[in-house]
Structures are given as structure tokens and as C-alpha cells.
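Numbers here simply count residues along the sequence, with the first being 1. Values in this document were obtained by computation on a predicted structure and should not be read as measured data.
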Amino acid sequence: MPAMSQQIGFKENLALFEELKIISTLTTLNLGRNSIGEDGAQALAEALETNSTLDTLYLWSNCITDNGSNALSKALKINSNLATLDLQTNSIGDEGAQVLAEALKTNSTLTILDLMGNSIGDVGAHALGEALKYNSTLTSLYLWTDSIGDSGTQMQSNAITDSGAQGLAEAVKINSSLTTLYLMSNSIGDGGAQALAQALKINSALITLNLRTNSIGYEGAHALTDAFKSNSALTSLYLMSNSIGTNGAQVLSEALKTNLTLTTFNLQNNSIGDKGAQVHSEALESSLTLTTLYVWRNSIGP
């Protein structure tokens, strides 16, 4: 028997993929950290076209590129059962994101799509945003990046900037099913934050927004503050490791005093200093909903 850490490639999985075409009991398949590649993705996609029981599929770290993504997207247009598709830490770029987006326009079962740690930029983000204007079932979209994988190796990096964030924001204005959006560790600045803030003024579905480790400063913080005045859905906002600063922290704290939905707010590692900590302490006295506040690594204290 091979060691548990040994990677399994296309040939070793071929029999399994053939079996998926007729099997009627399997609901979850985890093929994470193997090497099925393009051939494996193609064979698996063919199986998904006829399989009617699998609802969760993990394909993280499998050397899948845009060609594999294309095969899987074709299957998503036909398959009527798959609810979770994990494609994180592969080599999917804008082209792969575009074909997946086309599938999302007609797919009515997928609820979770994880594209963390790929090579998706603004073109892919715009395509996914356009798809979300039509899709009414996807609840969670993950487009974040962790530059170091769990094996300690360098990973692919999504590179979404303000332009890509703006494309996604336009979708958030219209979409009524998406509840979780992870955009951490991209290259989103104040412009992207402002676009998302405008969307939050209208959106009534998004519950969790993660913008950790981007380049958001005072202007972005100010825009988000304005959004809090009218948004009544968002419960968790993650702004860790941006460039909010003391002034940004001050305007955000004013929003916390009146917002009635936010329960978790992460502002750690933003150089808010003693003044920023003080105004958030005062905001806590007025807030009726906030239960969790992260402000560590902020140069607070002597």
C-alpha cells in the first residue's frame, strides 16, 4: 500500500473516474494534493456529466490549469447535483475563471466555489462578477491567496486589483444569494473598497466580507463607514493588515456606534495606535451587536 503522503496521478484514478459514471452512493470525494492534471480533470468532468449523487468535490493542489478548468466548466453546465467545488491552489488563470463563470450563468446547484491560490486577475474577477448577475444559487466565493501552502511551498497568487473588485462590486449590487466573499491577499486599494462599499449600501444578502491583507487606507475606510449606515446584512468584516491608520480607525469606530448587524470586526495590524484603540473602546460602549473585535498588532501602548 502506498504511503498516505504519496501523490496519486491520473492513471491511478482512472478506474475511480469510470466508476463515478455509474456509482449511486458516493456524495463526497476528496482528491486533494494529488497530480491528476489535465487528463484527470477531463476524465473526472466526463464522469460528472452523468453522475447524479456527488455533491462535494475537493480538487485542491492537483496541477489543474485552464484546460482542466474548461473541462470542468462543461460538466457544470450539465451536472445537476454538485454543490461544493474546491479548486484552490491549482494553476487556473483568467481564462479558466472565464469558462467557470460561463458555467455559473446556467448552473443552479453549486453553492460553494473555492478558487483560492490560483492565478486569477482582474479579467477573471470581472467574468465571475458578470456571472453572479445571473446566478442565484452560489453562496460562497473564495478568491483569496495564501502565498505559502500547507506543505511550505510557494503557491500561485490571485492578483485582483481595484478594477477586479469593481467588477465584483457591480455583481454584489444585484446578486441576492452570495453570503460570503473572500478577497484577502490581493491588490485591492481604496478604489476597490469604495466600489464594494457602494454595493453594500444596496446589497441585503452578503454576511461575510474578507478584505484582509490588501492596500486599503483612509478613503476606503471612510467609504465602508458610509455603507454601514444603510447596510443591514453584513455581520463579519475583516480588514486585517491593510493601511487603515488612526484616522481610518476613527471613522470606522463612528459607524460601529450605530450599526445594528456587525458582530465581528477585524482591524488587527493596521497601525491604529492608542487613539484608534481609544475610539474603538468608546464605540463598544454604544454598539448593541458587536461581540468580537480584533485590534492586536496595532502599536497600542507605551
Side-chain angles (χ1 to χ4, degrees), residues 10 13-32 34 36-62 64-90 92-116 118 120 124-143 168 171-172 174-182 203 205-208:
F10 162 65
N13 274 311
L14 185 56
L16 172 61
F17 298 155
E18 287 298 315
E19 189 69 18
L20 275 177
K21 294 179 180 180
I22 56 174
I23 198 167
S24 60
T25 56
L26 193 69
T27 59
T28 300
L29 177 60
N30 191 334
L31 288 168
N34 283 295
I36 68 169
E38 307 303 343
D39 291 337
Q42 177 68 51
L44 183 54
E46 291 176 4
L48 288 175
E49 291 181 7
T50 55
N51 179 279
S52 60
T53 59
L54 198 69
D55 61 38
T56 303
L57 178 59
Y58 298 100
L59 293 174
W60 50 276
S61 299
N62 259 292
I64 297 172
T65 65
D66 289 341
N67 289 333
S69 179
N70 186 46
L72 290 167
S73 69
K74 291 178 181 178
L76 287 175
K77 293 178 181 179
I78 300 171
N79 182 279
S80 59
N81 199 68
L82 196 68
T84 298
L85 178 58
D86 186 339
L87 288 168
Q88 63 174 286
T89 61
N90 280 287
I92 298 170
D94 284 332
E95 183 180 339
Q98 286 175 302
V99 292
L100 286 169
E102 283 302 310
L104 285 177
K105 289 180 180 180
T106 55
N107 179 279
S108 60
T109 59
L110 201 67
T111 59
I112 299 173
L113 179 59
D114 193 339
L115 292 169
M116 183 271 277
N118 281 280
I120 299 169
H126 272 279
L128 290 165
E130 190 65 24
L132 287 174
K133 295 178 182 179
Y134 300 90
N135 183 280
S136 60
T137 56
L138 197 73
T139 60
S140 301
L141 177 60
Y142 300 92
L143 289 168
L168 290 166
V172 171
I174 300 171
N175 183 280
S176 60
S177 63
L178 195 72
T179 60
T180 302
L181 179 59
Y182 270 55
N203 179 278
L206 198 68
I207 295 173
T208 300

CG (Leu29) and CG (Asp55) are apart, to the nearest 0.5 Å, by 11.0 Å
So does Leu26 get a backbone contact from the side chain of Thr53, meaning a donor-acceptor N/O pair under 3.5 Å? yes
How far does CG of Asn79 sit from NZ of Lys74, to the nearest 0.5 angstrom? 16.0 Å
Correct closest heavy-atom pair for Thr109 and Leu82 would be OG1-O, 2.9 Å
So, do Phe17 and Leu31 sit near enough that their side-chain heavy atoms are less than 4.5 Å apart? yes
CD of Gln98 to CG of Asp66, rounded to nearest 0.5 Å, is 9.0 Å
Enter the distance from Asp114:CG to Leu87:CG here, rounded to the nearest 0.5 Å. 8.0 Å
To the nearest 0.5 Å, atom OG1 of Thr139 lies from atom CG of Leu178 at 7.0 Å
Answer whether the closest heavy-atom distance between the side chains of Ser61 and Thr89 falls below 4.5 Å. yes
Starting at CD of Glu49, measure out to CD1 of Ile78 and round the result to the nearest 0.5 Å. 4.0 Å
Between Leu57 and Leu44, the two heavy atoms sitting closest are CD2-CD2, 3.9 Å
Hey, does Ile23 have a side-chain heavy atom less than 4.5 Å from the side chain of Asn51? yes
Where do Ala71 and Ala45 come nearest, in terms of heavy atoms and distance? O-CB, 3.3 Å
pair Thr180-Tyr142: side-chain heavy atoms closer than 4.5 Å: yes
Using only heavy-atom distances, determine whether the side chains of Thr137 and Ser177 contain a donor-acceptor pair under 3.5 Å. no
For Asn90 and Leu59, work out which heavy atoms get closest and say how close. ND2-O, 3.0 Å
Specify the closest pair of heavy atoms between Asn62 and Gly32, including all atoms of both residues, with the distance to one decimal. ND2-CA, 4.1 Å
Where is the tightest heavy-atom contact between Ala101 and Ala131, given as atom of each residue plus distance? O-CB, 3.2 Å
Kindly indicate whether the side chain of Trp60, heavy atoms from C-beta on, has any atom under 4.5 Å from the side chain of Asn30. yes
Using modelled atom types and a 3.5 Å cut-off, is there a donor and acceptor pairing between side-chain atoms of Thr111 and backbone atoms of Ala83? yes
